[in-house]
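Data block below; observations after.
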Number of protein chains: 2
Amino acid sequence: MRYKAGLETRERILGATRSLVAENGLDGTTIKAICQLAGVLPGSFYNLFASKEQAIVTVVREAIDAVDPDPDHHGTDTLQDLVAAYVRFLEESPELSRVYIRIGVSGAGSSPELTGRMVRHHQERVGRFAAAMKRQSPYLSDSLAERRAETLVLALNGIALHRIIDPAFDVAWHARALLDDAAAVS
Amino acid sequence: MRYKAGLETRERILGATRSLVAENGLDGTTIKAICQLAGVLPGSFYNLFASKEQAIVTVVREAIDAVDPDPDHHGTDTLQDLVAAYVRFLEESPELSRVYIRIGVSGAGSSPELTGRMVRHHQERVGRFAAAMKRQSPYLSDSLAERRAETLVLALNGIALHRIIDPAFDVAWHARALLDDAAAVS
DNA sequence: TTCAAATTAGAGTGGACACTCAAAGAGTCA
DNA sequence: TGACTCTTTGAGTGTCCACTCTAATTTGAA
């Protein structure tokens, strides 16, 4: 793949894959549907991607990376910053965030590649939340901060998940509620 | 279906369906696999169930009902009781709870029958949690209690969801952490 | 302009899927 | 026992899936 046309086609295919995974999930996304939406025939798809899974993995990786768009803040973010960034991601990138929730939160199911990436992502995320917590409450033990951070991250995921069922759901309000609860304790 | 043999076969099929949905999710559960696990041939399956979906809906309904095994407590349960009951369900009925989380929490995906049932279940559940909250904090406004209850229920779902990825995950600890946070605020 | 490489077209393949059906077998009554 | 219904058998059906292949077309560097 070196010509301009190929790169454009690749982007159209990834866009179609993104939409379809966001809408229908992993199993509901077929090559035929991707090709129709991208205006491409199967031959072109397989000229650019080795398999359906490769295209999907690319899109999911994209979504997982997008959750944390500015890793440079590492070490300075507050818990509020982290939660706000997540809410912003959910609200400003609806398609990517649906992909993230469907696959990153609910589980990849089959693909070990995705499962591994997902688990690592979760651990890193919990680590960042825990660090922010410790910065705010230095007397918290490491293990307690870690567990509280994990509770918060998973609760946020649960809230984000509900938006797939109810798109009108007020994610920001509920995220703030969680944050306030956590703050009240520490 | 009136003979004893048919009823037994029906139970074996539902058991197999339950295991497979818990393990592989909706799309990963095939008629062939159900029949093999149940020791039955496709003809027998379709003698007892009109479709694959019917068997799955039966199992999911079962799982949703099992989340709240004692509705007679209505009006007397505390928030602690409700959370404890959920944790007990997750720990004592691992298969059913995996079905519940996979379908009831993560979304039915295709079946409108399941989606409707799921949404109603969620609303009822939030209502019960909100009522318990108001009993504990009578000065809470209805709408605030409702929103806080929904936050709690969804956070619990997020935590339960993580058990599908990590079976060793300590659901009870994290559920308690959420509860303590909520209590600290009210 | 030439030409090899990249891209596209689109019919075709094999396999897995949900589901069907006719006939044989078993259960439950009188 | 006879007769009727329920249950099981297991090969078979059509559909949809991911993926392949060859030939035609387009690209862009020399």
Side-chain angles (χ1 to χ4, degrees), chain A residues 1-60 99 102-103 108-114, chain B residues 1-60 99 102-103 108-114:
Chain A
M1 190 237 306
R2 292 205 291 247
Y3 293 175
K4 192 175 54 177
L7 289 170
E8 283 172 8
T9 304
R10 190 186 140 90
E11 286 313 309
R12 262 186 298 131
I13 288 173
L14 286 177
T17 306
R18 196 181 305 124
S19 297
L20 290 165
V21 170
E23 196 64 33
N24 310 318
L26 271 187
D27 300 297
T29 301
T30 68
I31 295 286
K32 194 177 163 189
I34 291 173
C35 289
Q36 271 177 1
L37 192 56
V40 150
L41 287 170
S44 288
F45 180 94
Y46 284 98
N47 176 51
L48 294 161
F49 296 91
S51 64
K52 173 186 159 181
E53 192 185 355
Q54 189 180 95
I56 288 181
V57 166
T58 304
V59 163
V60 174
V99 172
R102 260 188 200 282
I103 317 303
S110 44
S111 159
E113 146 111 44
L114 279 186
Chain B
M1 189 237 309
R2 292 207 289 249
Y3 291 177
K4 192 175 55 176
L7 289 169
E8 282 171 7
T9 304
R10 189 184 140 91
E11 287 313 309
R12 260 186 299 133
I13 288 174
L14 287 177
T17 306
R18 195 181 307 123
S19 297
L20 290 165
V21 171
E23 196 63 32
N24 310 319
L26 270 187
D27 300 296
T29 300
T30 68
I31 295 286
K32 195 177 162 189
I34 292 173
C35 289
Q36 270 177 3
L37 192 56
V40 148
L41 288 170
S44 287
F45 180 95
Y46 284 98
N47 176 51
L48 293 162
F49 296 92
S51 65
K52 172 186 159 180
E53 193 185 355
Q54 189 181 94
I56 287 181
V57 166
T58 305
V59 163
V60 174
V99 173
R102 260 190 199 280
I103 316 303
S110 42
S111 158
E113 145 111 45
L114 280 187

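The chains referred to below are lettered A, B, ... by the order of the sequence lines, with proteins before strands, and numbering in each begins at 1.
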*Within this structure, what is the CG-to-P distance between A:N47 and D:dA24, rounded to whole angstrom?*
18 Å
*asked:* Please report the distance, rounded to the nearest Å, between CG in A:L41 and P in D:dT22.
replied: 18 Å
*Does A:I13 reach the side chain of A:R10, with side-chain heavy atoms less than 4.5 Å apart?*
no
*For B:A5 and for B:I31, find the nucleotide of DNA chain C with the closest heavy atom, then tell me which residue's nucleotide is more 5'.*
B:I31
*A:I31 side chain reached by A:Y46 side chain, heavy atoms, under 4.5 Å*: yes
*Could you give the CZ-to-P distance, from B:F45 to C:dC19, as a whole number of Å?*
8 Å
*Grab the NZ-P distance between B:K32 and C:dA18 for me, whole Å please.*
10 Å
*asked:* Rounding to an integer number of Å, can you tell me how far A:Y46 OH sits from D:dC17 P?
replied: 12 Å
*asked:* What is the distance, to the nearest angstrom, from the CD atom on A:E8 to the C1' atom on D:dT26?
replied: 13 Å
*Kindly give the heavy-atom pair with the smallest separation between A:L26 and A:K52, and that separation in Å.*
O-NZ, 3.9 Å
_Here's a test of your reading of the structure: between A:K4 and B:V40, which maps to the more 5' nucleotide of DNA chain D?_
B:V40
*Taking CG from A:D27 and C1' from C:dA16, how many angstroms apart are they, rounded to a whole number?*
14 Å
_Using the side-chain heavy atoms of B:Y3, tell me which of these nucleotides is nearest: C:dC19, D:dT27, D:dT7._
D:dT7
*State which of C:dG10, C:dA5, C:dC19 makes the closest approach to the side chain of B:P42.*
C:dC19
*Spacing of B:K52 atom NZ relative to C:dT20 atom P, expressed in whole Å*: 14 Å
*Considering all heavy atoms of both residues, which atom of B:A55 and which atom of B:L14 are nearest to each other, and what is their separation?*
O-CD2, 4.0 Å
*So, do A:R12 and A:T9 sit near enough that their side-chain heavy atoms are less than 4.5 Å apart?*
yes
*Among C:dC17, C:dC19, D:dT9, the nucleotide that comes nearest once only the side chain of B:T30 is considered*: C:dC17
*Name the residue closer to the 5' end of DNA chain C, choosing between B:S44 and A:T9 according to the nucleotide with the nearest heavy atom.*
A:T9
